[in-house]
Amino acid sequence: MTERARIDRYQPTEIEPRWQARWDELGLYHADLADSTRPKYYLLTMYPYPSGDLHIGHWYIKTPTDAIARYRRMHGYNVFFPIGFDGFGLPAENAAIKNNVPPAAWTMKNIENMRRQLRSMGATFQWDAEVVTCLPEFYRWNQWIFNQFLAAGLAYRAMAPVDWCPNDGTLAREQVEGADRHCWRCGALVEKRDLEQWFLRITNYADELLDFSGIDWPEPIRAQQTNWIGRSTGAEVVFRTAPDEHQAGGNDLVVFTTRPDTLFGATFMVLAPEHALVERLTAPGQKSVVAAYLHQARRQTEIERLSTDREKTGVPLGAHAINPVNGERIPIWIADYVLSGYGTGAIMAVPAHDERDFDFATRFGLPIRRVVAAADTTDDAPLDEAYVAHAKGERLVNSGQFSGLPAAEGLAQIIDWLAAEGTGKRAVNYRIRDWLISRQRYWGTPFPVVYCPIDGIVPVPDEDLPVLLPDNVDYAGSGVNPLSRDAAFLNVSCPSCDGPAQRESDTMDTFVDSSWYWFRYLAPHKDDGPIDSALVAQWTPVDQYTGGAEHAVMHLLYAREITKMMRDVGLVEQDEPFLRLFNQGQILGADGERMSKSRGNVQDPDELVQRHGADSVRLFLMFMGPWDQGGPWSPEGIGGVHRFLNRVWTLALDPQGREGGDPDAGKLPAAEDAAAAERSIRMAAHRTLRVVTDEYDGFRFNTMVAHLMELANSLFRYRGTEVAGGPAWDEAIRLLLLMLAPAAPHITDELWNRRRAATGQPESSIHAESWPSVDVQATATETREVPIQVNGKVRDRITVPVGIEPAELERLALARDRIREVLGGRTPERVIHAGGRLVNLVVREG
RNA sequence: GCCGAAGUGGCGGAAUGGCAGACGCGGCGGACUUAAAAUCCGCGGCCCGCAAGGGCGUCCGAGUUCGAAUCUCGGCUUCGGCACCA
């Protein structure tokens, strides 16, 4: 009978479900929301969409987050760690159309399966706080909050050119991707349509959203949001149309420019094809050309658009405008490189100092006039490309009374001059557009709005909420929103005049739900309001949020916006929802490609748990690399952490055992007696505790696991020796289990309690223990090995007492045979001691 | 084009001014076994050398420093985001 057979084998599939059930019984992970005696820690991870299956990517974000929750609890925090489901969304509707299953049934069945999967990873979610957004008890409050926004003017309905996907209907600007402008969900090319839709006024908050002070968010997210908001400063300048034979002139043509200093170089104007004045300004002789161009421009948005290297197109309107600074008459063109949605939809074109205008002017033979010159350039030096630099010593030229001024100074003076003349002013412009939240879909929150022929837009009174989604709707095998032909849903009486009226049939973008769901976790079933203000005041903002970076300008921007809107209607008091944000990386398939069913590289977590156990999967995901980095899934790598857990099992249960194969098994290291060995063990354990504590705090889980492996390896060297199983050993095992507990919760609780049982103690979960503290004495050493360098190259090393005098260290170093040989009689010009960590002898080469 | 992140063994990665390659995977050698698996021990940057040892080495090129993977400047490459935003 081998030594190994004396103890049970580590069988995760046997112990894991048992401990999961036990933790539920004990209620160990239930935050007492009313308890304010302990410091609170609101830990939030992005709730999943109930697609039906968790993939390994969900585990990659959720299991380290769970380790944070457990680690914080061990430090005495009252940790609130909820989970829920982002219930509304398109896949449910697609499944409904394809398989003729109601979206609600499909969604709830998937949620059931995902709950099981989430439990199988041993995560300590607070299930009684669960929020499912497609249930009326949640979306009712979407409607209620919408009414608040409507009353405050933060929600509005407007006719506007909107992004339209042929499959999915209207989209928010954030949901249109790429230069070719395709739909983020189905990939179809998106077109513009003029529609009346609902918007939330995110543009009100543009400046505030640019301010990240007080929150600790990753730089890439801040940069993406900042770019997306796209603040630029400059001036608005009013050009006036000049009289022509076909029109009297006198219309204001307002442009936005970031370069008012180049105003004297404006040699023509360009309007977006959709600009309101196009029709009025077009000369009779140009009508057919302009009409053809407008037609083509509209078609162009439907065909592939390759933006920057596309050749510029445009046609003149046959009308002119007056440049306010010099009274010059300049032609007005239309071109699709001017966008109707940005600025005023019209520009002053300064070909000398703008690349796009330069291209356009070159192509159509329009004049190019230099108005800025670098220090070494003459006033009229010809240009073979636009001069856009901001070099030192630049001056304005050909700019009337402003000529000769430094460019920066000229800019300020021109704005002042315009302001004095009443033809311009300083202005700020943003790229961001208001958030379009109308969706022509069934499976979402119905807008609580009724259209009455007499009273117009009438909100459904709060006491009549929720406006329920009808259960049984007929898709008739198509993607057309079934609500739009559901007479029972549509036909209502007006809440105001009681006359016949119609409900809004559009539903809200599901990002509305995810913009406040974390408030609802604190009181998921509250039925007299959306949130519990006292709990919200006590528990929010969220202390730590974890999730993917793909939501940088969608969910993560909307959540900030809605929090500010809720603040402004008096629902909450905070400015920001999430104090700290962490973006984990993405797990790729073993082939390094994005995981997808069609590639066949998807890793099923259920199967991994069956084979290796949840603890191994958790630990491997933490070990494979820095958490924010992600990377390809390694089918072999997981064996390494599984072996590590096996070794921990062996160390904890069988300290005296010996494995064949090691010639030195059972013997202490040559230089150590029993007392020295015990000191070594304690030193290893407490040094590990010091660094591992730091690594948990910094979410550096990969090195945390590596250091625990190192400790286990050290302990293995003492297995079977006289000190194994002794007090130092037991302390080290105890620390090892405590340090491993947040990451590998099942095996550690099992071993913890087997060891308790062996000494006659009653069961008590390791997860109710406190995080241990470092015994600084144990980590101290009396001697240290110091490398000796000559000219920066390590040539020897010596062991010296800690705290040795530099002069003594230097003397010892110079006395070494090896060093004398390398020095070859030379005397060091300089000696660096680096605080006793190293000696560097600097000698002249030669 | 603009913004952001990153380039280190066969592979994932460690070290953020002081011994490059911790820890793990894969590989090789050994112990145990009738054998295999499992387990345990050991060896693994490249080149020269039997070895001791030496030379080279963190994308490339300069620089700062006694000392640079780490800091500075210039360049290259990869990944992510934006993309005619006036």
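Quick note on labels: first sequence line is chain A, next is B, and so on, each numbered from 1.
Atom NE2 of A:His551 and atom P of B:rG81 are 13 Å apart (whole Å). Atom C1' of nucleotide B:rA52 and atom CZ of A:Arg795 are separated by 14 Å, given to the nearest angstrom. Remark: C1' of B:rG80 and CD of A:Gln629 are 13 Å apart, rounded to the nearest angstrom. In this structure, A:Arg231 places its CZ atom 13 Å from P of B:rA86, rounding to the nearest Å. Note: CG (A:Leu210) to P (B:rC3) measures 17 Å, nearest angstrom. B:rC82 atom P lies 12 Å from atom CD1 of A:Ile221, rounded to whole Å. Look at CD1 on A:Ile229: it is 16 Å from C1' on B:rG4, rounded to the nearest Å. A:Arg700 places its CZ atom 12 Å from the C1' atom of B:rA15, with the value rounded to the nearest Å.
When both pairing distances are held under 3.5 Å, B:rU16 makes no Watson-Crick or G-U pair with any nucleotide shown. Using the Watson-Crick or G-U wobble rule with both distances under 3.5 Å, B:rU72 pairs with B:rA62. The nucleotide B:rG27 finds its pairing partner in B:rC43, both defining distances of the Watson-Crick or G-U wobble pair being shorter than 3.5 Å. With a cut-off of 3.5 Å on both Watson-Crick or G-U wobble distances, the partner of B:rC32 is given as none.
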N/O-N/O pairs, protein side and nucleotides 65-72 of chain B side, under 3.5 Å:
from: B:rC66; atom 1: OP1; to: A:Arg830; atom 2: NH1; distance (Å): 2.7
from: B:rC66; atom 1: O2'; to: A:Asn840; atom 2: ND2; distance (Å): 3.4
from: B:rC66; atom 1: O2; to: A:Asn840; atom 2: ND2; distance (Å): 2.7

Sub-3.5 Å pairs of nitrogen or oxygen atoms, protein against nucleotides 21-26 of chain B:
from: B:rA22; atom 1: O2'; to: A:Glu710; atom 2: OE2; distance (Å): 3.3
from: B:rG24; atom 1: OP1; to: A:Asn713; atom 2: ND2; distance (Å): 3.0
from: B:rC25; atom 1: OP1; to: A:Arg643; atom 2: NE; distance (Å): 3.1
from: B:rC25; atom 1: OP1; to: A:Arg643; atom 2: NH2; distance (Å): 2.9

Each nucleotide N or O in nucleotides 27-30 of chain B that has a protein N or O under 3.5 Å away: list the pair and distance.
from: B:rG30; atom 1: N2; to: A:Gly661; atom 2: O; distance (Å): 3.2

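B:rA5 and B:rG10: their P atoms are spaced 29 Å apart (whole Å). Rounded to whole Å, the C1' atom of B:rC56 lies 16 Å from the corresponding atom of B:rA69. If you take atom C1' in B:rU8 and the same atom in B:rA22, they sit 13 Å apart, rounded to whole Å. Taking atom C1' in both B:rA31 and B:rC23, the straight-line distance is 24 Å, to the nearest Å. Taking atom P in both B:rC59 and B:rU70, the straight-line distance is 8 Å, to the nearest Å. Comparing B:rC41 with B:rA51, their P atoms are spaced 27 Å from each other, to the whole Å. B:rU39 and B:rC25 are spaced 10 Å apart, taking the P atom of each and rounding to whole Å. Between B:rG7 and B:rG75, the distance separating the two C1' atoms is 14 Å to the nearest Å.
A ring pair (Phe, Tyr, Trp, His ring centres under 6.0 Å) with A:His642 is found for one member of A:Phe620, A:Trp649, A:Tyr10 and no other, namely A:Tyr10.
Few gaps surround CZ on A:Arg363; more than 12 heavy atoms of other groups in view lie less than 6.0 Å from it.
Glycosidic torsion of B:rG9 falls within 90° of 0, placing the base in syn. With a glycosidic angle no more than 90° from 0, B:rG44 adopts the syn conformation.
Contact between the side-chain N/O atoms of A:Arg173 and the OP1/OP2 oxygens of B:rA83 is found at a separation under 4.0 Å. Of the side-chain N and O atoms in A:Lys793, one or more sit less than 4.0 angstrom from OP1 or OP2 of B:rC56. For the OP1/OP2 pair of B:rG80 and a distance below 4.0 Å, the side-chain nitrogens and oxygens of A:Gln224 include no atom meeting the criterion.
The A:Pro220 side chain lies nearest to B:rG4 when the options are B:rG4, B:rA20, B:rA86. Side-chain proximity of A:Met624 to the nucleotides B:rG12, B:rG13, B:rG81 is greatest for B:rG12. The side chain of A:Arg837 lies closest to B:rG18 when the candidates are B:rA86, B:rC82, B:rG18. Considering only side-chain atoms of A:Trp228, the nucleotide from B:rA86, B:rC56, B:rC82 that sits closest is B:rC82. Closest to the side chain of A:Arg818, from the set B:rG13, B:rA86, B:rG54, is B:rG54.
When heavy atoms are screened at a 4.0 angstrom cut-off, A:Val831 is found touching no nucleic acid atom at all. If you check every strand for non-hydrogen atoms under 4.0 Å, A:Thr226 touches nothing. Backbone-only engagement by A:Pro626 is indicated by non-hydrogen atom pairs under 4.0 Å involving sugar-phosphate atoms exclusively.
Of the two residues near RNA chain B, A:Glu785 and A:Glu355, the one whose nearest nucleotide lies more 5' is A:Glu355. The residue among A:Met348 and A:Val553 whose nearest nucleotide of RNA chain B is located toward the 5' end is A:Val553.
A:Lys312 forms no cation-pi arrangement with A:Phe360, by the criterion of a distance under 6.0 Å to the ring centre and an angle within 45° of the ring axis.
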